[in-house]
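Numbering of ligands and ligand atoms starts at 1, following listing order. Heads up: numbering here begins at 1 and tracks the sequence.
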Amino acid sequence: MKSLKNKAKIAVIGGTGFEKLFANFQKVIVGTPYGIPPPLFVGEINGKEVAFLPRHGLEHSIPPHKVNYRANIYALHKVGVERILAVNAVGAINKSLKPGDVVVPHDFVDFTKTRPTTFYDEAPVTHIDVSHPYCPEIRKILIKTAEKIGLTVQPKAVLVCTEGPRFETPAEIEMFRRLGFDIVGMTGLPEAVLAQELEICYASACFVSNMAAGMQERLTPKEVYDVSRKVQPKMEQLLIETIKALPVERKSCPCAKALKNARLK
Ligand code: HPA
């Protein structure tokens, strides 16, 4: 067996429901300075080594604001991951979107409140540049692949991440709409930033599970879950085809050098 260090170069971070896709993968428990994340499932897709991390744990028992994002990203870094494909359920703020649509955000706004947001709490003081909030190389391939397999995909969107676990109020969603945000979720941040802090490429394939608060009568987690189950096969296909299409080495994105100019000394 290979050492832990080189187990996988690509990771998928998803909610529950992807277990079947990774059923014959090897279960690996990885310790980190931040705690123990849910088990990773490591295996091959088309000759590429892939690690799957169920963000909310195997029993879907970890709410969005209690996910140990630092342990999750650090564990992936520890097994050698260079690129992350994240799957996130989101509510639509932009009225042109509808449940079932796939959205590949190009930017985000962080409205979380209680989550540790960085690996760099001590010297050397580190300021990561987030001018490219998501990996441009993976985004391009995700969008092209989604179009190729016939999905309705929105190739540009601003995601706002809220703290949860409650859904938003209609006034919050109205404010977000006026500010130009398109989709709202509870799990995109600080995940995306933590990946960049470890020079890991990160992009998100979001699926719309509901119209956001105030745009439909009520919101329930069951509705989010039911839509998740419905879109599951197409999200799986999107992930597999995207992994197949990713070039073996990272080429055109700035992610691998994210720390290069992030420190004064
Ligand atoms: N708001 C926040 N997070 C979500 C939503 C929502 O409407 N839908 C799915 N995740």
Side-chain angles (χ1 to χ4, degrees), residues 12-18 38 53-57 59-69 72 84-115 117 133-134 142 146 151-154 157-193 202-236 238-239:
V12 171
I13 304 181
T16 37
F18 287 91
L53 172 67
R55 188 188 281 117
H56 298 284
E59 310 291 328
H60 200 102
S61 55
I62 312 168
H65 65 300
K66 291 292 181 192
V67 169
N68 190 339
Y69 295 96
N72 289 359
I84 295 173
L85 295 169
V87 179
N88 305 84
V90 293
I93 300 171
N94 186 321
K95 291 174 182 167
S96 71
L97 297 169
K98 58 179 187 326
D101 286 355
V102 174
V103 183
V104 181
H106 72 285
D107 208 341
F108 61 71
V109 176
D110 187 352
F111 262 77
T112 63
K113 293 173 182 160
T114 67
R115 310 173 185 190
T117 54
Y134 297 99
L142 261 176
L151 302 181
T152 305
V153 58
Q154 173 57 246
V158 175
L159 171 131
V160 55
C161 188
T162 53
E163 181 64 13
R166 67 167 176 85
F167 289 112
E168 298 70 36
T169 65
E172 285 168 337
I173 292 300
E174 181 59 28
M175 171 184 74
F176 291 154
R177 184 179 301 106
R178 291 183 198 195
L179 290 171
F181 309 160
D182 301 292
I183 49 176
V184 57
M186 299 177 197
T187 52
L189 273 299
E191 202 173 82
V193 172
Y202 180 101
S204 166
C206 298
F207 63 89
V208 175
S209 55
N210 56 279
M211 303 309 286
M215 300 170 77
Q216 58 179 56
E217 187 49 32
R218 293 201 68 81
L219 294 179
T220 64
K222 179 168 185 314
E223 178 188 2
V224 174
Y225 178 78
D226 288 347
V227 176
S228 309
R229 295 226 61 91
K230 221 163 113 189
V231 300
Q232 185 78 23
K234 68 181 188 181
M235 294 308 287
E236 285 184 5
L238 176 60
L239 290 172

Legend entry - For Y134, ring-ring contact (aromatic ring centres under 6.0 Å, His included) partners two or more places apart: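 Y134 satisfies ring-ring contact (aromatic ring centres under 6.0 Å, His included) with F108 once adjacent residues are dropped.
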Inset, instruction - Using heavy atoms and a cut-off under 4.0 Å, could you grab the residues that are in contact with ligand 1, chain by chain, numbers ascending? - result: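 Residue list for ligand 1: A89, V90, G91, F167, E168, V184, G185, M186, S209, N210.
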Legend entry - side-chain contact (heavy atoms from CB on, under 4.5 Å) partners for E163, two or more places apart: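 So E163 forms a side-chain contact (heavy atoms from CB on, under 4.5 Å) with H65, T112, K113, T114, R115.
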Inset, instruction - Applying side-chain contact (heavy atoms from CB on, under 4.5 Å), name anything that partners N210, two or more places apart in sequence or on another chain. - result: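 Testing N210 for side-chain contact (heavy atoms from CB on, under 4.5 Å), a comparison that skips the adjacent residues, returns Q216, L219, E223, V224.
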Inset, instruction - Indicate yes or no: at least one non-hydrogen side-chain atom of F111 is less than 4.5 angstrom from one of E172. - result: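 The answer is no; the side chains never approach within 4.5 Å.
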Inset, instruction - Please tell me if the side chains of L159 and L189 come closer than 4.5 Å, counting only heavy atoms from C-beta onward. - result: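 Counting from C-beta outward, L159 and L189 do come under 4.5 Å.
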Legend entry - K222 bridged to D226 by N-O distance under 4.0 Å: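 Between D226 and K222 there is a salt bridge, with a charged N closer than 4.0 Å to a carboxylate O.
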